[in-house]
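Just so it is clear, the model here is predicted, and its values are computed rather than measured.
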Amino acid sequence: MPEFEYREDKSASENVKTLKHIFKSKIKSMKEDKWKDKALLGQYPKILEKPHVDTITTNKWLSSNLKGETEGLLVAAHDQAINTRNYQKVICSQQVESKCRMCSQHEETVDHIVSGCEVLAKTEYTSRHNNAAEYRHWSICEKHGLKITDKWYQHTPETVMHNKDNNLTIMRDMPVNTDRTITANRPDIIVKDSVNSTCKLIDMTVPSDRNIALKEIEKKSKYKDLELEIQRMWHMKTIVVPVVVGALGTVKKGMVENIEKVSKSANVTEIQKICMLRSVRILRKVLSL
């Protein structure tokens, strides 16, 4: 922080303004350091400091006009300050069972509820994933002039959609028949552009906010064999486009560019908002049991 230096060539009011600005910056810095030093509440700011996290995009949800109650719950979830069983036992020192009330296998923390419970994975996580994938499908169809509903949440994706004018095919959750056996042959969306001889394999995932970088690598690795096989069979330049957003909204650097490779009309903040609202719903549902 720059030291304050009194300047005679400045008016008294300008010197006071400069001094106030320095004090405010110092107080803000002290508060941030105090926040980060907290064992529980400091976990989220530490995630944001990681070099792979796109902090600006991650924080855009704060201006997306959510209801006050929902926004408050999300902020509390970021701070791990929600009344989970683990919070009751460790923080509040209550004599309670701290295992997850759904799976009874792991500690019931915020992260576990929104992204790590095997029981919820079969229903709630799948529903959250499908919601985000449907928005991606809707925005891609909009870009390529296919018939869609006015609102993305009214959109019911067809398995195969064609645009005969530009010889483009969009496949949703459809396995690709290949000459050799490939286990991972069913990405969320495939965009096959016969005019430009390109093919995009798009796959969505909503992991723990701590694992967004790892999950992007996993998606690229998972569909690498399919990418190579499609290039060989269809003679098209093929790329894997992973779309990874943390369950509580953390966005990795490069995700905006990934999404724009397929559709510039798609809004990263909208995808983030979809994931976060579904995570809030999961938290409310579990904690009300």
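Looking at heavy atoms from C-beta onward, Arg232 lies in side-chain contact with Asp179 at the 4.5 angstrom threshold. In this structure, the side chains of Val110 and Thr84 come closer than 4.5 Å at one or more pairs of heavy atoms. Cys100 places none of its side-chain heavy atoms less than 4.5 Å from the side chain of Gln105. Proximity of Val243 to Ile259: side-chain heavy atoms (C-beta onward) are separated by under 4.5 Å at one or more points. Using a 4.5 Å heavy-atom cutoff, the side chains of Ile140 and Val191 are in contact. Residues Ile170 and His137 meet the side-chain proximity criterion, which asks for heavy atoms closer than 4.5 Å. Ile274 is not listed as a side-chain neighbour of Arg128, based on a closest heavy-atom distance of 4.5 Å or more. Side-chain contact between Ile190 and Met174: absent, with no pair of heavy atoms (C-beta onward) separated by less than 4.5 Å.
If you take OG1 on Thr70 and NZ on Lys273, they are separated by 10.0 Å, rounding to the nearest 0.5 Å. Put simply, OG on Ser139 and CH2 on Trp152 are 11.0 Å apart, with the number rounded to the nearest 0.5 Å. To the nearest 0.5 Å, the span separating CG on Leu120 from SG on Cys103 amounts to 8.0 Å. Here CD1 of Ile202 is found 13.0 Å from NZ of Lys219. Values are rounded to the nearest 0.5 Å. If you take CD1 on Ile91 and CD on Gln80, they are separated by 10.0 Å, rounding to the nearest 0.5 Å. Taking CD of Glu229 as the reference point, atom NZ of Lys224 lies at 13.0 Å (rounded to 0.5 Å).
When every heavy atom of Cys199 is checked against every heavy atom of Trp234, the shortest pair comes out as SG-CZ3, 3.9 Å. Shortest non-hydrogen contact noted between Trp138 and Asp150 is CZ2-O, 3.5 Å. Among all heavy-atom pairs drawn from Met204 and Ala132, the shortest one is CE-CB, 3.7 Å. Taking all atoms of both residues into account, the shortest heavy-atom contact from Ile189 to Arg172 is CG1-CD, 4.1 Å. Closest approach of His162 to Val160, counting heavy atoms only: NE2-CG1, 3.5 Å. Counting all heavy atoms, side chain and backbone alike, Glu107 lies closest to Ser98 at OE1-OG, 2.9 Å.
In the displayed structure, Lys143 atom NZ is contacted under 6.0 Å by more than 12 heavy atoms of other residues, nucleotides or ligands. For Glu69, the CD atom is loosely surrounded, since the number of other residues' heavy atoms within 6.0 Å does not exceed 12. Other residues, nucleotides and ligands contribute at most 12 non-hydrogen atoms within 6.0 Å of the NZ atom of Lys215.
Donor-acceptor pairing under 3.5 Å is lacking for the side chains of Thr238 and Gln231. Residues His112 and Asn86 have side chains that never bring a donor and an acceptor to within less than 3.5 angstrom of each other. Looking only at atom types and distance, the side chain of Asn258 has a donor-acceptor partner in the side chain of Glu216 under 3.5 Å away. Side-chain atoms of Asp203 and Tyr223 form a donor-acceptor pair, as typed in the model, at a separation below 3.5 Å. Under 3.5 Å, the side chains of His155 and Thr149 contain no donor-acceptor pair of N or O atoms.
Taking a cutoff of 4.0 Å between a charged side-chain nitrogen and a carboxylate oxygen, Arg136 and Asp188 do not qualify as a salt bridge. Checked for salt-bridge contact, Glu108 and Arg101 meet the test: a charged N lies under 4.0 Å from a carboxylate O. For the pair Lys46 and Glu49, the salt-bridge criterion is not met [side-chain N within less than 4.0 Å of a carboxylate O]. A salt bridge does not link Asp54 with Lys253: every distance from a Lys NZ or Arg NE/NH1/NH2 to an Asp or Glu carboxylate oxygen is 4.0 Å or more. Between Lys200 and Asp193 there is no salt bridge, since no side-chain N of the basic residue sits under 4.0 Å from a carboxylate O of the acidic one.
Here the side chain of Asn196 pairs no donor or acceptor atom with the backbone of Thr198 at under 3.5 angstrom. One N or O on the side chain of Arg85 and one on the backbone of Lys99 form a donor-acceptor pair closer than 3.5 Å. A donor-acceptor pair is defined here as one N or O able to donate and one able to accept, closer than 3.5 Å; no such pair exists between the side chain of Asn211 and the backbone of Leu214. A donor-acceptor pair is defined here as one N or O able to donate and one able to accept, closer than 3.5 Å; no such pair exists between the side chain of Asn163 and the backbone of Leu168. Under the 3.5 Å distance criterion, the side-chain polar atoms of Tyr125 are matched with a main-chain donor or acceptor of Ser115. Within the 3.5 Å criterion, the main-chain N or O of Cys275 finds a donor-acceptor partner in the side chain of Ser279. Not a single donor-acceptor pair under 3.5 Å links the side chain of Lys89 to the backbone N or O of Glu97. Of the possible donor and acceptor atoms, one in the side chain of Thr55 sits under 3.5 Å from a partner among the backbone N and O of Leu48. Proximity of a side-chain donor or acceptor of Ser288 to a complementary backbone N or O of Arg284 within less than 3.5 Å is detected. Between the Gln272 side chain and the Gly249 main chain, a donor and an acceptor come within less than 3.5 Å of each other.
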Open item on the list: Would Ile82 and Leu283 count as a side-chain contact (heavy atoms from CB on, under 4.5 Å) here? Give the steps.
Closed with: CA-CA 9 Å; Ile82 287 182; Leu283 281 168; 4.0 Å; yes
Task: Check against side-chain contact (heavy atoms from CB on, under 4.5 Å), Arg180 and Asp225 - done: CA-CA 10 Å; Arg180 62 189 182 92; Asp225 286 344; 4.2 Å; yes
TODO: Could you walk me through whether Ser63 and Asn65 pass the side-chain contact (heavy atoms from CB on, under 4.5 Å) test, one step at a time?
DONE: CA-CA 6 Å; Ser63 59; Asn65 299 319; over 6 Å; no
- [ ] Check the pair Leu66 / Leu74 against side-chain contact (heavy atoms from CB on, under 4.5 Å), numbers first and verdict last.
- [x] CA-CA 10 Å; Leu66 296 178; Leu74 282 167; 3.7 Å; yes
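Grouping the Ile, Leu, Val, Met, Phe, Trp and Tyr side chains by contacts below 4.5 angstrom, directly or via other members, places Val268 with Val206. Put simply, Ile271 and Val256 are part of the same group of oily side chains (I, L, V, M, F, W, Y) that touch within less than 4.5 Å, one to the next. Criterion: ILVMFWY side-chain heavy atoms under 4.5 Å apart, direct or through other members. Under it, Val244 and Val262 are part of a common hydrophobic cluster. Residue Leu73 is grouped with residue Met276 when hydrophobic side chains (ILVMFWY) are merged at heavy-atom distances under 4.5 angstrom, including chains of intermediate members. Ile239 and Ile182 end up in different hydrophobic clusters when Ile, Leu, Val, Met, Phe, Trp and Tyr side chains are linked at under 4.5 Å.
The salt bridge (charged side-chain N to carboxylate O under 4.0 Å, His left out) test applied to Glu158 returns no partner, not counting sequence neighbours.
Aromatic pair Trp61/His78: ring centres closer than 6.0 Å.
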